[in-house]
Amino acid sequence: MNHVVIYTDGACKGNPGPGGWGVYLKAGQHEKELWGGERETTNNRMELTAVIEALAALKRPCRVSLYLDSEYVRKGITEWIHGWKTKGWITSSKQPVKNADLWQRLDNLVHQGEHKIEWHWVKGHAGDPGNERADALANRGVPG
């Protein structure tokens with residue numbers, strides 16, 4: 001199983017406002033950059049989209065070390081999602097889960113996929129080279 005290191009990030013100019021997502025993937029000597037954006041979105045939607053796009057780009061089952069600066073995404077997919085699914089996509093405070101469409105897409109990629117994913121939180125804007133690169137790609141994706 002190939003090992004892939006992935007860094008993801010989202011950016012938003014205003015929240016909501018124009019936003020972008022960025023992905024930096026590295027497998028051995030191979031590197032790939034992905035980015036995109038939307039005219040009206042939120043920071044959390046862009047953070048989620050970055051991870052979705054990263055995992056969707058993998059062509060075969062991989063061992064993934066995924067680095068992100070969003071505790072919302074990391075905790076959402078590793079902890080909170082189980083309760084949301086059990087309760088029919090309702091939060092513990094009886095509200096609909098925000099961004100449920102993206103959470104469901106991510107859930108399919110993570111739990112129905114064959115990847116072995118290790119989730120790593122990194123502090124954003126703290127000099128981590130992979131995170132800084134993903135941040136630059138996310139900003140490149142913001143529509144002008």
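Starting from 1, each residue takes its place in the sequence as its number. Just so you know, these numbers use all the heavy atoms, side chains as well, and skip hydrogens, waters and symmetry mates.
A cation-pi arrangement is not found for Arg74 relative to Trp119, the charged atom failing to lie both closer than 6.0 Å to the ring centre and inside a 45° cone about the ring normal.
Atom CG of residue Leu34 and atom OG1 of residue Thr49 lie 12.5 Å apart, to the nearest 0.5 angstrom. With rounding to the nearest 0.5 Å, the separation of CG in Asp128 from OH in Tyr67 is 8.5 Å. Considering CD of Glu132 and CG of Leu137, their distance stands at 11.5 Å, rounded to 0.5 Å. Distance check, rounded to the nearest 0.5 Å: CH2 of Trp35 to CD of Glu33 gives 6.0 Å. Distance check, rounded to the nearest 0.5 Å: OG of Ser70 to NZ of Lys75 gives 11.0 Å. Separation of atoms CG (Asn99) and CE (Met46) is listed at 9.5 Å; rounding is to 0.5 Å.
Applying the side chain to side chain donor-acceptor pair (under 3.5 Å) test to residues at least two apart or on different chains, the pairs with a partner in residues 16-27 are Tyr24-Glu31, Tyr24-Arg133. For residues 97-114, every residue pair satisfying the salt bridge (Lys or Arg N to Asp or Glu O under 4.0 Å) rule, not counting sequence neighbours, is listed here: Arg45-Asp101, Lys85-Asp107.
Considering only heavy atoms from C-beta on, His111 comes within 4.5 Å of Ile77 through its side chain. Taking the side chain as every heavy atom from C-beta outward, Asn44 and Val73 never approach each other to under 4.5 Å. At a threshold of 4.5 Å between non-hydrogen side-chain atoms, the residues Leu109 and Ile52 count as touching.
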For this session: Dump the intermediate steps for side-chain contact (heavy atoms from CB on, under 4.5 Å) on Asp69 and Glu47, then the final yes or no.
Result: CA-CA 9 Å; Asp69 62 11; Glu47 294 281 0; 3.4 Å; yes
Distance-only criterion, 3.5 Å: show the donor-acceptor pairs between side-chain atoms of residues 2-17 and protein atoms not counting sequence neighbours.
from: His3; atom 1: NE2; to: Ser65; atom 2: OG; distance (Å): 2.8
from: Lys13; atom 1: NZ; to: Asn139; atom 2: OD1; distance (Å): 2.7
from: Asn15; atom 1: OD1; to: Asn43; atom 2: N; distance (Å): 2.9

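For Trp121 and Tyr72, the ring centers sit 6.0 Å or farther from each other.
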